[in-house]
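Each residue takes its place number in the sequence, starting with 1. All figures in this text were calculated on a predicted structure; none of them were measured in a lab.
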Amino acid sequence: MGEKVEFRANGGTCAGYLAKPASGKGPGLLVIQEWWGLVPHIQSLADRFAEAGFVALAPDLYHGEKTTSPDEAGRLMMALDIAKSAKDLKGAADYLLGLDAVSPKKVGALGFCMGGQLALFAATEHPEIAACVDFYGIHPHVKPDFAKLSGKVLCHWGKTDGFVTTEAAEALVASMREAGADVESHHYDAGHAFFNDSRPEAFDATAAKLAWDRTLTFLRANL
């Protein structure tokens, strides 16, 4: 369904994967990668959100690098230049807003694992992002200023997540609410990456279906 695109960002260009709905129009949505990179699973999610009515763009924050090795994924995540990624995400949001297909002119940000935290960061840095969804987001170097959040936030967490504990998730949500953010947060009987159906050892169909339905309801209400 989608296509590879390039957009202006950070004084140069950034690549991404763009998928449009069959209607040809819809609100914009940034689909932000896990620590593996812009892998086929993320492209398939962009396609899935396009089928649901969104103009979905998955920016390639690793600029061509991707992996299936957890060790290499961890290295790539920790080596990520957060300031540069913020500019890439700003360029991606501006690119969506410049497309005739994006109507109404609203953009949301959604991400998984590392991408969930980057989605929050993007929403604090760029007021054009009107809604944000964080699927079990973590990145130790990403420190969003939640006082700058203007749009609503939806969070999904796994109760048995070995990377993001329930306590850590609740602390993150509490810090957003203390800063005045409007946050909806849900915990599922599942572990980390429960939404990733390309990883059968992590995927939880029941939790993923409920999170998908809640995400679509949230995005359609706020974009």
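- Listed by first then second residue, pairs satisfying side-chain hydrogen bond (donor to acceptor under 3.5 Å, both in side chains) with a partner in residues 119-134 read Glu125-Lys148, not counting sequence neighbours.
- Of the N and O atoms on the side chains of His156 and Thr215, at least one donor lies less than 3.5 Å from an acceptor on the other residue.
- Between Lys4 and Gln43 there is a side-chain heavy-atom pair separated by less than 4.5 Å.
- Counting all heavy atoms, side chain and backbone alike, Ile32 lies closest to Gly115 at CG2-CA, 3.6 Å.
- The shortest non-hydrogen separation linking Ala9 to Asp88 is CB-OD1, 3.7 Å.
- Within a 6.0 Å radius of CG in Asp100, other residues, nucleotides and ligands contribute 12 heavy atoms or fewer.
- For the 3.5 Å distance criterion, the side chains of Asp60 and Tyr17 fail to qualify, holding no donor opposite an acceptor.
- Formation of a donor-acceptor pair under 3.5 Å by the His139 side chain with backbone atoms of Met77 is found in this model.
- Taking hydrophobic clusters as Ile, Leu, Val, Met, Phe, Trp and Tyr residues chained together by side-chain heavy-atom distances below 4.5 Å, Phe203 does not share a cluster with Leu45.
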query = Can you check side-chain contact (heavy atoms from CB on, under 4.5 Å) on Leu99 and Leu57, steps first, answer last?
reply = CA-CA 11 Å; Leu99 294 176; Leu57 174 62; over 6 Å; no
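- Residues Pro59 and Gln33 share a closest heavy-atom pair of O-OE1, 3.4 Å.
- Residues Val55 and Leu29 form no side-chain contact, since every pair of their non-hydrogen atoms from C-beta on lies 4.5 Å or further apart.
- Atom NE2 of His192 and atom CG of Asp204 lie 14.0 Å apart (nearest 0.5 Å).
- Proximity of Pro144 to Gln117: side-chain heavy atoms (C-beta onward) are separated by under 4.5 Å at one or more points.
- Side-chain contact between Leu154 and His186: present, with at least one pair of heavy atoms (C-beta onward) separated by less than 4.5 Å.
- Checked by atom type and distance alone, the side chain of Lys25 never pairs as donor or acceptor with a backbone atom of Ala22 at under 3.5 Å.
- Within the structure, ring pair (Phe, Tyr, Trp, His ring centres under 6.0 Å) pairs that include any residue of residues 35-62 comprise Phe49-Trp212 (at least two apart or interchain).
- The minimum heavy-atom distance linking Leu120 with Cys132 is given by the pair N-SG, 3.6 Å.
- Here Ile138 pairs with Cys113, Phe163, Val164 under the side chain to side chain contact (heavy atoms under 4.5 Å, CB included) rule; sequence neighbours left out.
- Remark: Lys209 NZ is loosely packed, at most 12 non-hydrogen atoms of other residues, nucleotides or ligands lying under 6.0 Å away.
- Side-chain contact check for Val107 versus Leu97: some heavy-atom pair is nearer than 4.5 Å.
- Leu30 and Ala93 get closest at one heavy-atom pair: CD2-N, 4.1 Å.
- Rounding to the nearest 0.5 Å places NZ of Lys90 at 14.0 Å from SG of Cys14.
- Looking only at side-chain heavy atoms (C-beta outward), Pro27 and Lys105 stay at 4.5 Å or farther from each other.
- The OG atom of Ser185 sits 6.5 Å away from the CH2 atom of Trp157 when rounded to the nearest 0.5 Å.
- Atom-to-atom distance recorded for Asn222:CG and Asp182:CG is 8.0 Å, nearest 0.5 angstrom.
- Within the model, atoms CZ of Arg177 and CG of Leu172 stand 10.5 Å from one another, a figure rounded to the nearest 0.5 Å.
- Residues Val5 and Leu61 are members of one and the same hydrophobic cluster, defined by side-chain heavy-atom contacts under 4.5 angstrom among Ile, Leu, Val, Met, Phe, Trp and Tyr.
- Every residue meeting the side chain to side chain contact (heavy atoms under 4.5 Å, CB included) condition with Glu170, not counting sequence neighbours, appears here in chain and number order: Thr166, His187.
- Among pairs with a residue in residues 70-118, those fulfilling ring pair (Phe, Tyr, Trp, His ring centres under 6.0 Å) read Phe7-Tyr95, Phe112-Phe135, Phe112-Phe195, at least two apart in sequence or across chains.
- Looking only at atom types and distance, the side chain of Asn196 has a donor-acceptor partner in the side chain of Ser198 under 3.5 Å away.
- The neighbour count for Lys87 NZ, taken as heavy atoms of other residues, nucleotides or ligands under 6.0 Å away, does not exceed 12.
- Under the side chain to side chain contact (heavy atoms under 4.5 Å, CB included) criterion, Arg75 pairs with Glu65, Glu72, sequence neighbours left out.
- Summarising the geometry, atom CG belonging to Leu219 is positioned 14.0 Å from atom CZ belonging to Arg214; distances are rounded to the nearest 0.5 Å.
- Nearest heavy atoms, Thr13 versus His63: O-CE1, 4.0 Å.
- Within the 4.5 Å cutoff, side-chain heavy atoms of Glu184 are placed close to those of Phe218.
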